[in-house]
Amino acid sequence: QKEVEQNSGPLSVPEGAIASLNCTYSDRVSQSFFWYRQYSGKSPELIMSIYSNGDKEDGRFTAQLNKASQYVSLLIRDSQPSDSATYLCAVSRTGGGNKLTFGTGTQLKVEL
Amino acid sequence: EPEVTQTPSHQVTQMGQEVILRCVPISNHLYFYWYRQILGQKVEFLVSFYNNEISEKSEIFDDQFSVERPDGSNFTLKIRSTKLEDSAMYFCASSRSSISYNEQFFGPGTRLTVL
């Protein structure tokens with residue numbers, strides 16, 4: 001069973017629409033959840049972190065966490081062509097080395 | 001805004017050669033990490049480092065790999081005898097804390113090509 005699962009996409013949305021990206025994880029002791037954006041050939045860029053159940057909003061981005069369902073999502077409102085990238089979900093557990101376990105990422109394409 | 005830096009951006013080496021990848025973490029961060037990403041694959045954890053010790057390492061991080069903080073600013077990853085399958089992007093990351101809120105910031109990466 002994969003530790004962090006994401007739909008690889010591509011997910012295509014029109015400019016101005018809401019993009020919804022989903023992620024499930026298998027390790028119930030995961031404590032911290034992150035969304036990274038990765039442009040082709042570039043490094044992961046942290047865009048959101050979430051640690052407790054519910055919603056967390058930051059500008060056009062909203063992260064949602066449901067630990068009971070082992071599910072985390074990212075909503076991007078008013079999607080722009082510059083949002084076109086691969087979005088990586090990452091989880092970690094408290095303690096030890098706090099390694100991040102990444103999903104394979106969802107490719108988002110925002111079309112004009 | 002502070003950022004993680006890495007050198008070189010691209011390293012080409014022959015199989016069996018040693019390489020050292022260098023990183024300068026964000027200055028007030030205490031926890032350091034190396035990840036790698038083989039082309040077309042997911043980002044994989046290699047090792048975490050705190051207080052001059054390895055905190056955790058993955059199965060990938062075998063005896064051919066080592067890390068070091070030789071001074072107050074640099075953090076290095078050494079691969080003693082490179083293999084073809086070591087070809088990947090290597091990312092350094094750092095975080096301020098390792099307790100619950102563990103936001104890790106990544107450097108731009110070093111592309112390692114083993115011929």
Side-chain angles (χ1 to χ4, degrees), chain A residues 1-10 23-27 29-53 56 58 61 63 65 67 72 85-107, chain B residues 1-7 9-10 21 23 25-26 29-51 53-61 67 88-111:
Chain A
Q1 183 186 10
K2 290 183 182 177
E3 294 181 71
V4 179
E5 290 202 49
Q6 297 181 256
N7 188 320
S8 61
C23 171
T24 58
Y25 60 94
S26 59
D27 187 352
V29 298
S30 296
Q31 296 279 353
S32 307
F33 307 86
F34 306 91
W35 285 98
Y36 286 83
R37 177 173 63 199
Q38 187 175 33
Y39 293 111
S40 182
K42 302 295 185 181
S43 62
E45 175 192 4
L46 180 66
I47 53 173
M48 287 288 287
S49 57
I50 187 166
Y51 308 99
S52 53
N53 283 327
K56 178 182 177 183
D58 184 0
F61 300 98
L65 175 61
K67 289 186 179 181
V72 59
T86 297
Y87 288 80
L88 309 178
C89 174
V91 304
S92 74
R93 56 162 71 184
T94 303
N98 283 294
K99 71 175 185 180
L100 292 178
T101 300
F102 283 85
T104 53
T106 298
Q107 185 184 7
Chain B
E1 185 171 325
E3 58 185 20
V4 178
T5 59
Q6 290 185 245
T7 55
S9 58
H10 191 186
L21 310 183
C23 167
I26 294 172
H29 285 188
L30 301 177
Y31 298 84
F32 315 119
Y33 312 85
W34 285 101
Y35 294 82
R36 79 172 187 190
Q37 187 175 32
I38 295 171
L39 186 63
Q41 298 187 23
K42 64 180 180 180
V43 177
E44 300 175 290
F45 169 79
L46 293 178
V47 65
S48 58
F49 191 85
Y50 167 70
N51 199 24
E53 288 184 347
I54 290 175
S55 304
E56 186 174 1
K57 60 183 180 180
S58 71
E59 293 177 353
I60 302 168
F61 194 89
V67 289
M89 280 290 286
Y90 287 81
F91 297 113
C92 175
S94 68
S95 66
R96 184 177 303 175
S97 169
S98 78
I99 60 174
S100 296
Y101 308 148
N102 174 32
E103 292 188 338
Q104 296 182 24
F105 297 90
F106 283 68
T110 293
R111 180 174 299 281

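Chain identifiers are assigned alphabetically (A, B, ...) following the order of the sequence lines, protein sequences preceding nucleic acid strands; residue numbering begins at 1 within each chain. Values reported hereafter were calculated over all heavy atoms of this structure, with side chains retained and with hydrogens, waters and symmetry mates removed.
Nearest heavy-atom pair, A:S43 versus B:P108, reported as atom, atom and distance to 0.1 Å: OG-CA, 3.8 Å. Nearest approach of B:K42 to A:G103, heavy atoms of both residues: CB-O, 3.7 Å. Here the closest heavy-atom approach between residue B:F91 and residue A:Q38 is recorded as CZ-NE2, 4.0 Å. Residues B:F106 and A:L100 come closest through the heavy atom pair CE1-CD1, 4.2 Å.
With rounding to the nearest 0.5 Å, the separation of CD in B:E103 from CG in A:L46 is 5.0 Å. Distance check: B:M89 CE to A:K42 NZ gives 8.5 Å after rounding to the nearest 0.5 Å.
With a 4.5 angstrom heavy-atom cutoff, B:Q37 touches chain A only via side-chain atoms. In this structure, no portion of B:F49 lies under 4.5 Å from any heavy atom of chain A.
Every residue two or more places apart in sequence or in another chain that forms a ring-ring contact (aromatic ring centres under 6.0 Å, His included) with B:Y50 is listed here: B:Y31.
B:V43 pairs with exactly one of A:L88, A:T101, A:T104 by the side-chain contact (heavy atoms from CB on, under 4.5 Å) rule, that one being A:L88.
A 6.0 Å sphere centred on NZ of B:K57 holds no more than 12 heavy atoms belonging to other residues, nucleotides or ligands.
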